[in-house]
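Here's the structure, in structure tokens; my notes come after.
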Amino acid sequence: MSFPTINAERLLSDITHLGQIGADPKGSLYRVAGSAADLAGRDWIDKTMRVSGLHTWRDDIGNVFSRRAESDGPWLLIGSHADTVPGGGHLDGAYGVIAAMEVLRTLHEANHPAADYLETVAFYDEEGVTLQSNGGLVGSTALSNHPHVQELLGYLELHVEQGPRMERADLDLSAVTGIVGVRRYIVEIDGQENHAGTTPFELRADAGRVATRFGALVRDVCQNVDRTSIGNVGSITLEPNAPNVVPGRATVQVEVRAGSEKALDGIETLLTEELHRIAGEEKCTAGLRTTSAKPVAEFDTRLVDAVEQVCVRNSERFERMLSYAGHDASVMSTKIPTAMIFVPSTGGYSHSNLEHTPDEQLVLGTQALLESVVAVVNMMLATDVSERHSLAA
């Protein structure tokens with residue numbers, strides 16, 4: 001089967017152009033959701049697709065869509081998010097948006113049959129860094145609860161990995177099998193304030209010592225339960241926070257990520273047991289409280305298989321992979337069949353102006369997205385509607 005070839009020069013030029021909207025002199029992007037730069041970026045996306053002869057519109061939340069004006073659907077949705085974190089890079093989200101635009105334009109210009117069943121999206125506020133964001137994934141959450149989602153065949157998202165695994169393994173492409181679950185906790189520890197100079201170690205109820213001992217164990221707990229899991233102690237707060245006072249209270253913020261709910265449950269259980277053990281040894285009391293829990297997202301096996309076949313055809317340097325970063329695809333996968341494609345991130349850098357992927361891999365990933373679109377459209381149109389949507393259940 002032959003496929004249209006994307007316009008590599010146009011793709012790279014558009015990535016550069018969007019990367020200039022909201023950039024500071026160092027190249028760090030401040031296109032935070034709802035900002036003037038974010039709105040300017042969305043205006044540019046809208047105008048670019050209209051100039052290409054495509055129909056565009058926006059929903060109430062701010063997602064920007066495009067497709068052929070005469071197409072009746074159903075549609076395969078492709079895209080990513082256009083907003084950034086403060087000081088972010090030019091590829092996170094934006095690459096997937098530009099690649100989706102390029103794929104639709106290429107298929108439209110070639111008058112390829114798949115163009116009639118394709119829709120692009122630039123999601124609003126994936127990053128969730130504003131007070132109004134409620135954790136992010138705002139645009140995809142809104143779409144997943146809108147009647148339009150029932151008109152969609154599925155969702156494909158192309159993204160930079162945002163980590164070092166692909167580069168370390170010398171990979172060009174990866175078919176993403178799902179997204180890890182993420183749980184966050186607050187650990188609250190109560191001891192007894194006392195004079196640090198006059199209170200012997202054995203008589204202390206040192207909440208700070210519990211916090212530091214517990215924090216040092218998080219990595220071991222994660223690794224003991226699941227070698228592929230990740231944990232982080234992001235904050236330790238001591239009270240009264242003075243060098244000559246034994247801390248009477250401590251608060252620890254912890255995040256863990258794993259590829260199965262079983263692993264997450266196991267980590268939570270072991271963290272709780274270790275916390276109580278340490279607190280008891282230090283004559284303190286402590287509790288672990290969940291503040292948020294995002295479930296594991298498992299992508300549709302048929303779509304992942306289709307993406308894998310495309311990736312293998314385009315490069316021998318390929319592996320399946322689990323995503324450790326959150327994406328709009330996690331939300332979409334709860335309603336419609338979903339899959340993702342990754343390309344490498346140089347040095348594993350993301351959310352910074354060091355974000356980079358070689359041009360040839362950006363082009364390769366976009367071509368793989370185009371070919372995946374054709375494969376998935378053909379597969380899904382041959383599937384009964386009721387069966388199609390049950391795939392994501």
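Along the sequence shown, residues are numbered consecutively beginning with 1.
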* Does a donor on one side chain and an acceptor on the other come within less than 3.5 Å for Asn353 and His90? -> no
* Will you find, in the side chains of Ser13 and Glu9, an N or O donor that is under 3.5 Å from an N or O acceptor? -> no
* Taking NZ, NE, NH1 and NH2 as the nitrogens, is one of them in Arg213 or Glu281 under 4.0 Å from a carboxylate oxygen of the other? -> yes
* **Criterion salt bridge (Lys or Arg N to Asp or Glu O under 4.0 Å) on Asp190 and Arg249, from CA distance to verdict** => CA-CA 5 Å; Asp190 289 302; Arg249 183 169 175 80; 2.7 Å; yes
* Is Arg31 reaching over with its side chain to a backbone N or O of Ile21, donor-acceptor style, under 3.5 angstrom? -> yes
* To do: Classify the side-chain pair Gln367/Asn314 by whether it contains a donor and acceptor separated by less than 3.5 Å.
  => no
* Residues Arg50, Asp46: salt bridge by 4.0 Å N-O rule -> yes
* **Partner residues of Arg289 under the salt bridge (Lys or Arg N to Asp or Glu O under 4.0 Å) criterion, sequence neighbours left out** => Glu188
* Measure across Cys284 and Ala207 and return the closest heavy-atom pair with its distance rounded to 0.1 Å. => SG-N, 3.8 Å
* To do: Please list, chain by chain and in numerical order, all residues satisfying salt bridge (Lys or Arg N to Asp or Glu O under 4.0 Å) with Arg219, sequence neighbours excluded.
  => none
* To do: Using the six-membered ring wherever Trp is involved, compare the ring planes of His148 and Trp75 and label them parallel, tilted or perpendicular (cut-offs 30° and 60°).
  => tilted
* Asked: Listed by chain and number, what are the salt bridge (Lys or Arg N to Asp or Glu O under 4.0 Å) partners of Arg209, not counting sequence neighbours?
  -> Glu282
* Within one Ile-Leu-Val-Met-Phe-Trp-Tyr cluster: Val363 and Leu156, side-chain cutoff 4.5 Å -> yes
* Please write out which residues are connected to Val129 in a hydrophobic cluster, directly or through intermediates, given that two of Ile, Leu, Val, Met, Phe, Trp, Tyr count as joined at side-chain heavy-atom separations below 4.5 angstrom. => Val32, Val85
* Can you tell me if Ser174 and Glu319 form a side-chain donor-acceptor pair at under 3.5 Å? -> no
* Would you check if there is a donor-acceptor pair between the side chains of Ser345 and Glu161 at a distance under 3.5 Å? => no
* Does the side chain of Thr48 reach to within under 4.5 Å of the side chain of Arg105, using non-hydrogen atoms? -> yes
* Asked: Mind checking what makes salt bridge (Lys or Arg N to Asp or Glu O under 4.0 Å) contact with Glu119, not counting sequence neighbours?
  -> Arg67
* **Pair Asp38 + Arg42: basic N to acidic O under 4.0 Å** => yes
* Asked: So, Gln361 versus Asp172: side-chain donor-acceptor pair below 3.5 Å or not?
  -> yes
* Is the CG atom of Asp24 crowded by more than 12 outside heavy atoms at less than 6.0 Å? -> yes
* Asked: By the rule that ILVMFWY residues connect when side-chain heavy atoms come within less than 4.5 angstrom, directly or transitively, which residues belong alongside Leu354?
  -> Tyr349
* To do: Dump the intermediate steps for salt bridge (Lys or Arg N to Asp or Glu O under 4.0 Å) on Arg183 and Glu261, then the final yes or no.
  => CA-CA 10 Å; Arg183 297 187 189 179; Glu261 297 298 327; 3.1 Å; yes
